[in-house]
Participant: 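Please read through the structure below; I'll follow up with questions.
Per chain, numbering begins at 1; letters A, B, ... match sequence-line order.
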Amino acid sequence: MLDQKLIRENPTSVEENLSLRGKVHNISHIHELTVKKKEIDIQVSSLQFESKKLSKLIGQEISKSPNNNSPELYNLKRKGNEYRTKISDLEEQQRTLDKQINSEISNLPNFLSKDAPIGKDENNNVQVKTWGTPLKKQNLKSHWEIGENLNLFESIKSTKISKSRFITLIGNGARLERALINFMLDMHTKNGYLELMPPALVNSESLTGSGQLPKFSNESFKCSNDDLWLSPTAEVPITAFHRNEIIDFKQLPIKYVAYSPCFRREAGSYGRDTKGLIRLHQFNKVELYWFCDPSKSSEAHQKITSDAESILKKLNLPYRLVDICTGDLGFSSSRTFDLEVWLPSSQCYREISSCSNCLDFQARRSSVRTKINKKNTYLHTLNGSGLAIGRTMAAILENGQQSDGSVKIPDALAPYFGSNSLKLS
RNA sequence: GGAGAGGUGGCUGAGUGGUUGAAAGCGGCUCCCUGCUAAGGAGUUACAGGAGGUAACUUUUGUCGAGGGUUCGAAUCCCUCCCUCUCCGCCA
C-alpha cells in the first residue's frame, strides 16, 4: 500500500515511479479523492469539537436543575441536533471516500527502487553473476525421466487424486523431499533464523496484507464455505503474524524461516512446464523473511539473498543471480533478485528463489510498525525463497545424474538423505 | 454441531445515559528515605490520528472486540458481525 499522504501531496512523483513498471498508472482520481477527504476530515473535527462542548453544557444545566424544561434548554438540544445531522452527513461521505480510496490504492503496486534496472520485460533482466560450472553434455536426462526411472514420483496417478499439476512423491523421492526441507531449515536456523510453522489456510485480510488481494484473487485457491484461502507462500502468514503490532525497535531485525506447502492456481500457464516438478499447484518451500529497520533494508536485501545462495552453494548447484528489471517486478516488490539454478536437460537457468525488498508496502497494508524517535514508523519487510524444494530436487536429479542411471546426492545433503547416492530401490 | 459465559488501559478488574479516557490493584518510570537485603513514602504512567513548532511542546479528534443505530450526550440502550472461554458431541 502506498502512502496516502504522499499521493495527496506529490501525485506526479508517484505516477512517474509507477509508470516505470511499463503500464500507465493514472492516479489523478485517487489524488482528488484524498484531497476531498482531507477537507472533510478537518470539517468533521471542528464540528465535533463544537458539538462536544455543547453536550457538556447541556449536561451541566441538567445536573443543576434535573427537571429543567426551559425553552433555553430546548433550544440548546435543538442546536445539538443540528450538529448531529451535519456530522453524520459528513461521516457518511467520509466512509464512502475511505472505501473508494482504499480500493483504488490497494490496487496500486509498490514503488520501484531507483536501483532496479529499467526495462520492459524479463528480457531486460540483468545477470549480476554466475556461480559454478553449468553441466553441458549430450544425452542428459530430464528430471522427470530420472524420476520415472528411479520411481521417485508419479504424475499420472495424481490426476486421479486431484488433477493435473499435482504430484505424489514415492519412496526415495519422498525421502529426498523431506531431507531437503530439514537440511534447509537446519542451515537457516543455525544462521540466526527463527523457525515458524504457520497455518496453510489464511484469511482474506492476510492475503490483502501481503499484496495478493484484491488484485490477484485468481491466483490462489479459495475455500468456498469460509473466508479462507490456501496460502500461496509462507510470506502471507508470516506478514500476518505481526499484523497490527508495534514491534520493539531493539528486537529488529526479526528473521524467520518457515517451511510450508504452497498452493497456486497457475491460471494462464496452460501448456507450460507440464512435466516434472517445475510448475505444480502444490509445492513445498522453505521461506526466509525479515522485518527490519527501514534504514537498513537495502543491506538486509543483500543478506537475505546471500542466505538463500548459501543453500545452492552447499548443494553444489550452479546458479546465477539476476536483478529483475522494473517491467518484470512483482506487485509488492520494489526490487527483486532472482536466483536461477542450472537445469542441464533444458540447458537454461530456472528460477529457484526470488528475494524481494518490499520496503514498507506490506507493513503499511498490515500495519506493522516500530517506534523510532517516539514516532511510529512502518517497518520494511523482505522475503526470499530459501529454497523452493521441488525445483531443488529437479536440479539435484539433473545435475547429479550419473552414466549408470543413479544420482549423486550432494555431500551436505547425504547425512539428511541417509546415502550419498540415489539408485533404483 | 448443541448449550452457556464473556470480550474494558502493559496485566488483573470496577463501571447500565452526563463534564468518565475510564475506580482500585499489580506492573513501569521519577524522586525521597533506609549504610547491604527486605521494606516504606511522594509523584507519575493508555493508544492512535490531524494541525502548529527546528525542537521541548501546544492543541484537537477518535478509541472500552468490529461495524451500524437511538440520543444534545453512549463503555453503558438497540441491531448486525467477529473472536475467546466452559460443558456436551465428534475427532488427530
Participant: Counting just side-chain N and O atoms, does A:Arg95 come under 4.0 Å of either OP1 or OP2 of B:G68?
Facilitator: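 For B:G68, OP1 or OP2 has a side-chain N or O of A:Arg95 closer than 4.0 Å.
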Participant: Suppose you measure atom C1' in B:C83 against the same atom in B:G65; what distance do you get, rounded to whole Å?
Facilitator: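 Approximately 7 Å lies between the C1' atom of B:C83 and that of B:G65.
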Participant: Which nucleotide wins on minimum distance to the side chain of A:Asn376, given the candidates B:G18, B:G49, B:U61?
Facilitator: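 Shortest atom-to-atom distance from the side chain points to B:G49.
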Participant: Determine the interatomic distance between P on B:U58 and the same-named atom on B:U45; round to the nearest Å.
Facilitator: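 The same atom, P, in both gives a distance of 12 Å.
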Participant: Could you check how far CD1 of A:Ile42 sits from C1' of B:G62, rounded to whole Å?
Facilitator: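 Checked: the CD1 to C1' distance equals 16 Å.
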Participant: Watson-Crick or G-U wobble partner for B:C33, using a 3.5 Å limit on both distances?
Facilitator: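 Checking every strand shown, B:C33 finds no partner, since no pair has both distances under 3.5 Å.
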Participant: Rounded to whole angstrom, note down the C1' distance from B:C33 over to B:G15.
Facilitator: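 Here B:C33 and B:G15 have their C1' atoms 37 Å from each other.
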Participant: If you look at every strand shown and take non-hydrogen atoms under 4.0 Å, does A:Lys79 touch a base, only sugar-phosphate, or nothing?
Facilitator: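 Nothing: the residue A:Lys79, judged by heavy atoms under 4.0 Å, touches no strand.
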Participant: Quantified in whole Å, what is the P atom distance between nucleotide B:C36 and nucleotide B:C26?
Facilitator: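 Looking at atom P only, B:C36 and B:C26 are 24 Å apart.
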Participant: With the threshold set at 4.0 Å, does a side-chain nitrogen-carboxylate oxygen contact exist between A:Asp186 and A:Lys190?
Facilitator: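 Judged by the 4.0 Å cut-off on N to carboxylate O distance, A:Asp186 and A:Lys190 do not form a salt bridge.
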Participant: Using purine N1 to pyrimidine N3 plus N6-O4 or O6-N4 for Watson-Crick, or N1-O2 and O6-N3 for G-U wobble, both under 3.5 Å, which nucleotide pairs with B:G73?
Facilitator: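 Check on B:G73: unpaired, no WC or wobble geometry under 3.5 Å.
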Participant: Expressed in whole Å, how much space separates the P atoms belonging to B:G28 and B:A38?
Facilitator: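 Rounded to whole Å, the distance is 13 Å.
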Participant: Would you kindly give the CD-to-P distance between A:Gln4 and B:G49, to the nearest whole Å?
Facilitator: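 So the two atoms are 14 Å apart, to the nearest Å.
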Participant: Below 4.5 Å, heavy atoms only, C-beta onward: do A:Arg264 and A:Phe283 meet side chain to side chain?
Facilitator: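 Yes, side chains in contact.
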Participant: B:G67 P sits how many Å from A:Lys99 NZ, rounded?
Facilitator: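 It works out to 12 Å between those atoms.
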Participant: Between B:G18 atom P and A:Leu76 atom CG, what is the distance in whole Å?
Facilitator: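 In whole Å, B:G18 P lies 19 Å from A:Leu76 CG.
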Participant: Between A:Ser142 and A:Ser345, do the side chains contain an N or O donor and an N or O acceptor separated by less than 3.5 Å?
Facilitator: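 No, because no side-chain N or O of A:Ser142 sits under 3.5 Å from a partner of the opposite role on A:Ser345.
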Participant: Should A:Glu92 and A:Arg95 count as an ion pair when the cut-off is N to O under 4.0 Å?
Facilitator: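 Yes.
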Participant: Measure CG/A:Asn81 against P/B:G69 and give the value in whole Å, please.
Facilitator: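 Value for this atom pair: 14 Å.
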Participant: As a test of reading the structure: which of B:G62, B:U60, B:C72 is closest to the side chain of A:Lys52, going by heavy atoms?
Facilitator: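 Between B:G62, B:U60, B:C72, the one nearest the side chain of A:Lys52 would be B:G62.
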Participant: Does OP1 or OP2 of B:C72 have a side-chain N or O of A:Arg78 closer than 4.0 Å?
Facilitator: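 For A:Arg78, the contact criterion (side-chain N or O under 4.0 Å from OP1 or OP2 of B:C72) is not met.
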Participant: Measure from CG on A:Asp98 to C1' on B:G49 and round the result to the nearest Å.
Facilitator: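 From A:Asp98 CG to B:G49 C1': 12 Å.
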Participant: May I ask you to check whether A:Tyr259 and A:Asn182 show a side-chain donor-acceptor distance below 3.5 Å?
Facilitator: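 Side-chain D/A pair, A:Tyr259 to A:Asn182: absent.
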Participant: When we call it a touch if two heavy atoms are under 4.0 Å apart, what does A:Gly80 touch: a base, just sugar-phosphate, or nothing?
Facilitator: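 Touches sugar-phosphate only.
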Participant: Looking at B:C26, which nucleotide sits across from it as a Watson-Crick or G-U wobble partner, both distances under 3.5 angstrom, or is there none?
Facilitator: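 Check on B:C26: paired to B:G10, both distances under 3.5 Å.
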Participant: Nearest to the side chain of A:Ile58 - B:G62, B:A51, B:C72?
Facilitator: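 From the listed options, B:C72 comes nearest.
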Participant: Under 3.5 Å for both donor-acceptor distances, Watson-Crick or wobble: does B:A5 have a partner, and if so which one?
Facilitator: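 Pairing partner: B:U84.
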Participant: More 5' along RNA chain B: A:Ser88 or A:Leu54, using each one's nearest nucleotide?
Facilitator: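 The residue whose closest nucleotide sits nearer the 5' end is A:Ser88.
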Participant: Are A:Lys141 and A:Glu398 ion-paired here, with the side-chain N under 4.0 Å from a carboxylate O?
Facilitator: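 The answer is no: the pair does not qualify as a salt bridge.
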Participant: Salt bridge or not for A:Asp323 and A:Arg335, using N-O below 4.0 Å?
Facilitator: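 Answer for the salt bridge query: yes.
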Participant: If only side-chain N and O atoms of A:Arg369 are considered, is one of them under 4.0 Å from the OP1 or OP2 phosphate oxygen of B:C47?
Facilitator: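 No, no such contact exists.
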Participant: In whole Å, what separates the P atom of B:C29 from that of B:A39?
Facilitator: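 Pairwise P distance, B:C29 against B:A39, rounds to 15 Å.
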Participant: Base, sugar-phosphate or nothing for A:Ile246? Non-hydrogen atoms, less than 4.0 Å.
Facilitator: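 The residue A:Ile246 makes sugar-phosphate contact but no base contact.
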Participant: Can you check the A:Ile87 CD1 to B:A74 P distance for me, whole Å?
Facilitator: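 In whole Å, B:A74 P and A:Ile87 CD1 are 10 Å from each other.
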Participant: Do the side-chain N or O atoms of A:Lys56 get closer than 4.0 angstrom to the phosphate oxygens (OP1, OP2) of B:U20?
Facilitator: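 No.
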Participant: Nearest to the side chain of A:Lys38, heavy atoms from C-beta on, is which of B:A48, B:U61, B:A51?
Facilitator: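 Given the options B:A48, B:U61, B:A51, the side chain of A:Lys38 is closest to B:A51.
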Participant: Any salt bridge between A:Glu266 and A:Arg165, counting N to O under 4.0 Å?
Facilitator: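 Salt bridge flag = no for A:Arg165 with A:Glu266.
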Participant: If I take atom NZ in residue A:Lys53 and atom C1' in nucleotide B:U60, what distance separates them, rounded to the nearest angstrom?
Facilitator: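 From A:Lys53 NZ to B:U60 C1': 12 Å.
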Participant: Indicate, yes or no, whether a donor-acceptor pair under 3.5 Å links the base of B:U19 to the side chain of A:Gln60.
Facilitator: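 It does, because a donor-acceptor pair links the side chain of A:Gln60 to the base of B:U19 below 3.5 Å.
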Participant: Applying the Watson-Crick and G-U wobble criteria at under 3.5 Å, what pairs with B:U59? Answer none if nothing qualifies.
Facilitator: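 Matched B:U59 with B:G50 under the 3.5 Å cut-off.
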Participant: Given the P atoms of B:A55 and B:G50, what is the spacing between them in whole Å?
Facilitator: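 Roughly 14 Å separates the two P atoms.
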Participant: Applying a 3.5 Å limit to both distances, which nucleotide forms a Watson-Crick or G-U wobble pair with B:G67?
Facilitator: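 For B:G67, the partner nucleotide comes out as B:C79, under the 3.5 Å rule.
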Participant: Taking the same atom, C1', in B:A74 and in B:G69, what whole-Å distance lies between them?
Facilitator: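 It comes out at 11 Å once rounded to the nearest Å.
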